[in-house]
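All values reported here derive from a predicted model rather than from experimental measurement.
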Amino acid sequence: MLKILLTFTPTLSQAWALLSVAIAFEVAGTTCMKLSHGFTNLLPSVMMFVFYGLAFSCNTFVTKTLDLSITYAVWSGVGTVATAIIGIYFFKEPGTALKLVSITLILIGVMGLHSASRMHSV
């Protein structure tokens, strides 16, 4: 079973799906970081490491199919946007105009990178 897992190379559509899962785990880990209150809450502290470990594990498989530059840029960009939105809505951080414009620019960059990867794979 472990040998099968270690030799797994995702198809292009599986890689994008797995990258989405990695992003979800990374955002969950970052949210747990906030909820841990500086490692004073045990469960969010432990879950932070679990989620980050799962996120990096997923990314390891994704990079077998997608370029590293695309994988990391999309992972970090979408994760940044999702984390910023969570901060604004759930943790009541200020949603300033500059913050919202910056989020939009990150999304435009991620869409551009996704388009570039599609052109490369044709």
Side-chain angles (χ1 to χ4, degrees):
M1 179 70 171
L2 182 61
K3 184 177 179 181
I4 293 170
L5 179 63
L6 294 177
T7 60
F8 171 69
T9 300
T11 64
L12 187 60
S13 60
Q14 288 173 333
W16 283 107
L18 198 53
L19 182 56
S20 298
V21 171
I23 291 166
F25 283 139
E26 187 265 337
V27 170
T30 304
T31 303
C32 285
M33 183 187 304
K34 175 75 171 175
L35 295 172
S36 76
H37 297 288
F39 296 117
T40 59
N41 289 339
L42 182 62
L43 184 59
S45 298
V46 171
M47 292 309 297
M48 177 184 69
F49 289 104
V50 170
F51 287 136
Y52 277 134
L54 290 168
F56 281 109
S57 296
C58 290
N59 276 340
T60 300
F61 289 107
V62 171
T63 58
K64 292 174 88 173
T65 303
L66 298 178
D67 291 341
L68 177 63
S69 59
I70 300 298
T71 301
Y72 191 75
V74 171
W75 178 66
S76 62
V78 174
T80 299
V81 169
T83 302
I85 291 169
I86 288 170
I88 292 167
Y89 285 107
F90 293 104
F91 296 113
K92 307 301 181 207
E93 297 172 0
T96 63
L98 179 58
K99 192 180 281 189
L100 297 175
V101 168
S102 299
I103 288 170
T104 302
L105 290 172
I106 292 169
L107 284 174
I108 291 169
V110 168
M111 289 186 298
L113 286 166
H114 183 267
S115 296
S117 73
R118 292 176 62 102
M119 292 172 60
H120 177 69
S121 65
V122 173

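Inter-residue side-chain proximity for Ile70 and Trp16 is flagged as met; some heavy-atom pair is nearer than 4.5 Å. Looking at heavy atoms from C-beta onward, Leu100 lies out of side-chain contact with Thr104 at the 4.5 angstrom threshold.
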- side chain to side chain contact (heavy atoms under 4.5 Å, CB included) evaluation trace for Leu12 with Leu66: CA-CA 7 Å; Leu12 187 60; Leu66 298 178; 3.4 Å; yes
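Of all heavy-atom pairs spanning Ala22 and Asn59, the tightest one is CB-OD1, 3.5 Å. Closest heavy-atom contact between Val74 and Ile23: O-CD1, 4.0 Å. In plain terms, the two heavy atoms of Cys58 and Val21 that are nearest each other are SG-CG1, 4.0 Å. Contact between Ile88 and Lys99 at its shortest, heavy atoms only, is CD1-CD, 3.8 Å.
Between Phe56 and the options Phe51, Phe25, Trp75, Phe61, a ring pair (Phe, Tyr, Trp, His ring centres under 6.0 Å) holds for only Trp75.
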Give every donor-acceptor pair under 3.5 Å between a side-chain atom in residues 28-38 and any protein atom, sequence neighbours left out.
residue, atom, partner, partner atom, Å
Thr30, OG1, Glu26, O, 3.0
Thr30, OG1, Glu26, OE2, 3.3
Thr30, OG1, Tyr52, OH, 2.7
Thr31, OG1, Val27, O, 2.8
Ser36, OG, Met33, O, 2.8
Ser36, OG, Phe39, N, 3.4

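For Phe8, the CZ atom sits in a packed shell: over 12 heavy atoms of surrounding residues, nucleotides or ligands are nearer than 6.0 Å.
The side-chain hydrogen bond (donor to acceptor under 3.5 Å, both in side chains) search around Thr83 returns none, not counting sequence neighbours. Under the side-chain hydrogen bond (donor to acceptor under 3.5 Å, both in side chains) criterion, Glu93 pairs with no residue at all, not counting sequence neighbours.
A donor-acceptor pair is defined here as one N or O able to donate and one able to accept, closer than 3.5 Å; no such pair exists between the side chain of Thr9 and the backbone of Lys64.
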